[in-house]
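In each ligand, atom 1 is the first atom listed, and ligand 1 is the first ligand listed.
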Amino acid sequence: MRCSRCAAEVPADSHHVDCPACGGLLELIALPPGVRGHALRQLFAERRGAVAGRDASGVWRYRELLAACAADVVTFPEGNTPLVHAGSAARWAGCPTLRVKHEGLNPTGSFKDRGMTVGMSHARHLRARAVACASTGNTAASLAAYAALAGIPAFVFIPAGKVATGKLAQALAYGAQTLLVRGDFDACLSLARAAAHELGVYLLNSINPYRLEGQKTIVIEMLEQCGWRPPAWIALPAGNLGNTAAFGMALVAARDAGLIEQLPRLLAVQADGAAPFARAFAAGFASLQRVTPNTVATAINIGDPASYDRAVRSIRETNGVVISVSDDAILEAKAAIDAAGIGCEPASAASVAGVRRMVADGIIAPGEDVVCVLTGHLLKDPDAVVRNPARSNQLHEIDATIDGVRRVMGLD
Ligand SMILES: *Cc1c(COP(=O)(O)O)cnc(C)c1O
Ligand SMILES: [Zn+2]
C-alpha cells in the first residue's frame, strides 16, 4: 500500500488503514493483470454461471482487477445485481433510455457488501480480534452481517437519532455491538479511528483501501452487462466519496486492462445540505470546506468526506461533473423510482434527480446512454415513504364490504 499524501509504502499485509507516518489514506497498488482484453472478458464470462465459491460472487469473479488476496474469502455471495431500464422513472428524468444498476439488491441491501466481502476477508487473513466501523447505517448493517459470517466480533459507531430504521435493525439483528454516539457521522469516524489505533480493532470504514477494491466491481460488472460498450454517463450519489473514488479507479483499471476504450463521464450528485464536494468542484477544486451536513438522505449526510482527494482524481480522469440537488428533488426522484416498481432509499435517488437536472440544463442530451447507480434498497428507510404522504401512494381504509372496494376502484 502507498500513502496518497506522503508516498510512504506500507506492507499490504498490515493492520494499518491509514499512513503510520502522516495519517494520510493508503492506496493498494494493483499489479497489471496477467490476462488482458478479449481473454480477460472471456475468463469473466466463463465464471458467470458458477453457483458456489468465489466465482459465484459478483466481486471475486473480477479478482484479476482487484488488489486483494482471493484466498479464504468471506462471501455470501454479493454483487450480481441487475441493470434494468428505469421505466416510468426514465421518462420522469427526461432521459427515455435511462437504466439503473440496482445495488440495493445485494445481500444486506446496499453496495456496501461489495467492499465488505473484500475487507472482511482481509480481516480474517489478519486474524483480527474484532472489527469496527463508523456508519450512517449501511456500512454498519453490512459489517455486522459479514462479521457474523466470518465469526469475528463487530463494533459499530452510529450517530444517535440519524440512522434509518431498517439499517439500525440490521446491525442489531446480525449481532454487532451497536454504539449510538451523541454526535454526527464525522464524530463517529474520528472515534472509530481512535479506537482502531488505541484498542487494536481492525477498522473497516470506507477509508479502508480493501473496501474500495470491492466497490470497483459495481462499475466492472456494469460494463460487462453493457457488453463492454460503456454508457456516456454513470451517475451516483456522493457522500463520503468512497464510491466516487472507487468508480474512477475501476474505469481506469478497465481501460488499462484493454476491456474498454472510452471512459464514461462520472456524475457525482450530492444533497444541497451536504455538498462540500459540489462546492469544491464549482471552485475548480481549489480547496475543500467542510460543512455541517443536513439532508433527508441520511446515507450522504456527510460534511467532511474522507476520500476527497481520490474522488477529485476520479472526476478529473473521467471529465466528470459534481452537482447538488435539493431534498425536495431527491424525494421527488425517489417517488418516481418507487412508482416504477424499482424502489430505493432516499440517498440513491439523488443520482436520478441529478440526471433530471443535467437534462433540464442541456448538459446531458435526452437520448444519451446514462446509467444511474441505485445504492440502497427501499426497505432501508420505510419511514421516508410513510412520512411523505403527499408524494407516496395513499392508503385506503375501508369497511369490509364490496361497496368499499367498488369506491376505491372508482366504480360508483
Ligand atoms: C454509503 C452510501 C452512499 C454514499 O457513498 P460514499 O461512498 O460514502 O460516497 C450512498 N448511498 C447509500 C445507500 C449508501 O449506503
Ligand atoms: Zn503518509
Side-chain angles (χ1 to χ4, degrees), residues 1-10 16-27 101-106 108-116 133-143 158 163-164 166-167 170 185-186 189 205-208 211-212 214-216 218-219 235-249 266 268-271 274-278 293 295-311 314-315 322 330 334 337 343-354 372-381 384:
M1 299 186 279
R2 188 184 294 127
C3 174
S4 57
R5 196 183 292 162
C6 76
E9 291 194 0
V10 179
H16 289 290
V17 297
D18 49 15
C19 176
C22 79
L25 298 193
L26 294 175
E27 284 173 14
K101 174 113 179 105
H102 204 333
E103 288 296 304
L105 300 176
N106 269 291
T108 78
S110 85
F111 75 82
K112 300 297 197 295
D113 294 339
R114 291 189 186 256
M116 203 53 73
C133 70
S135 175
T136 58
N138 281 333
T139 298
S142 185
L143 176 107
I158 287 179
V163 170
K167 306 175 189 185
Q170 285 180 292
F185 170 79
D186 304 301
L189 182 56
N205 264 91
S206 68
I207 62 163
N208 182 306
R211 288 199 36 215
L212 294 194
Q215 288 172 209
K216 281 158 60 179
I218 302 171
V219 163
L236 77 162
N240 212 21
L241 305 183
N243 236 5
T244 308
F247 280 27
M249 290 157 64
L266 289 182
V269 187
Q270 298 207 285
F277 190 41
T295 167
V296 290
T298 50
I300 52 173
N301 193 38
I302 291 167
D304 189 13
S307 294
Y308 174 78
D309 292 336
R310 192 62 196 75
S314 292
I315 295 300
V322 190
I330 289 173
K334 175 180 154 53
I337 298 158
C344 66
E345 67 165 283
S348 310
S351 59
V352 176
C372 283
V373 175
L374 298 181
T375 45
H377 197 280
L378 166 70
L379 290 176
K380 288 286 191 173
D381 193 356

- Task: Run the numbers for me: atoms of ligand 1, each under 4.0 Å from some heavy atom of E345, listed by number.
- Result: 13 (C)
- Item | Which of the ligand 1 atoms, numbered from 1, are nearer than 4.0 Å to a heavy atom of G242 | 6 (P), 7 (O), 9 (O)
- Message: With the threshold set at under 4.0 angstrom, would you say I300 reaches ligand 1 through any of its heavy atoms?
- Response: yes
- Item | Atom indices of ligand 1 within 4.0 angstrom of K112 heavy atoms, with elements | 1 (C), 2 (C), 3 (C), 14 (C), 15 (O)
- Item | Residue, atom name and distance, where the atom is the protein heavy atom closest to atom 12 (C) of ligand 1 | T375 OG1, 3.2 Å
- Query: So, K380 and Q170: side-chain donor and acceptor under 3.5 Å apart, yes or no?
  - Reply: yes
- Query: For the side chain to side chain contact (heavy atoms under 4.5 Å, CB included) test, which of I302, I158, V163 pairs with T136?
  - Reply: I302
- Query: Is it true that the side chains of N138 and E345 contain a donor and an acceptor less than 3.5 Å apart?
  - Reply: yes
- The side-chain hydrogen bond (donor to acceptor under 3.5 Å, both in side chains) partner of D113 among T139, N106, T108 is T108
- Item | Atoms in ligand 1 flagged as close to A238, the criterion being non-hydrogen separation under 4.0 Å | 9 (O)
- Rounded to the nearest 10 degrees, what's the angle SG of C3 makes with SG of C22 at the Zn ion (ligand 2)? Could you check? 100°
- Query: Does an N or O anywhere in Q215 fall below 3.5 Å from an N or O of ligand 1?
  - Reply: no
- Message: Minimum heavy-atom separation for I300 and A274, please, with both atom names.
- Response: O-CB, 3.5 Å
- ligand 1 and I302, any nitrogen or oxygen pair closer than 3.5 angstrom? no
- Task: Over all heavy atoms of both residues, which pair between G343 and L374 is shortest? Give the atoms and the distance, please.
- Result: O-CD1, 4.3 Å
- Query: Does a side-chain N-to-carboxylate-O contact under 4.0 Å join E9 and R2?
  - Reply: yes
- N/O of A299 under 3.5 Å from N/O of ligand 1, yes or no? no
- Message: Please list, in number order, the atoms of ligand 1 under 4.0 Å from a heavy atom of N240.
- Response: 6 (P), 8 (O), 9 (O)
- Task: Measure the distance from atom 7 (O) of ligand 1 to every protein heavy atom, then report the residue, atom name and distance (to 0.1 Å) of the closest one.
- Result: N243 N, 2.8 Å
- N/O separation below 3.5 Å, S348 to ligand 1: no
- Query: Quick one: do E103 and R114 make a salt bridge, cutoff under 4.0 Å?
  - Reply: yes
- Quick one: the SG of C19, the Zn ion (ligand 2), SG of C6 angle, rounded to 10°, please. 110°
- Note on the structure: closest protein heavy atom to atom 5 (O) of ligand 1 is F111 CZ, 3.6 Å
- Message: Please find the pair of heavy atoms, one from S314 and one from G248, that lie closest to each other, and give the distance.
- Response: OG-CA, 3.3 Å
- What are the two closest non-hydrogen atoms of C19 and C3, and how far apart are they? CB-SG, 3.6 Å
- Message: Under a 4.0 angstrom heavy-atom cut-off, which atoms of ligand 1 come close to G376?
- Response: 13 (C)
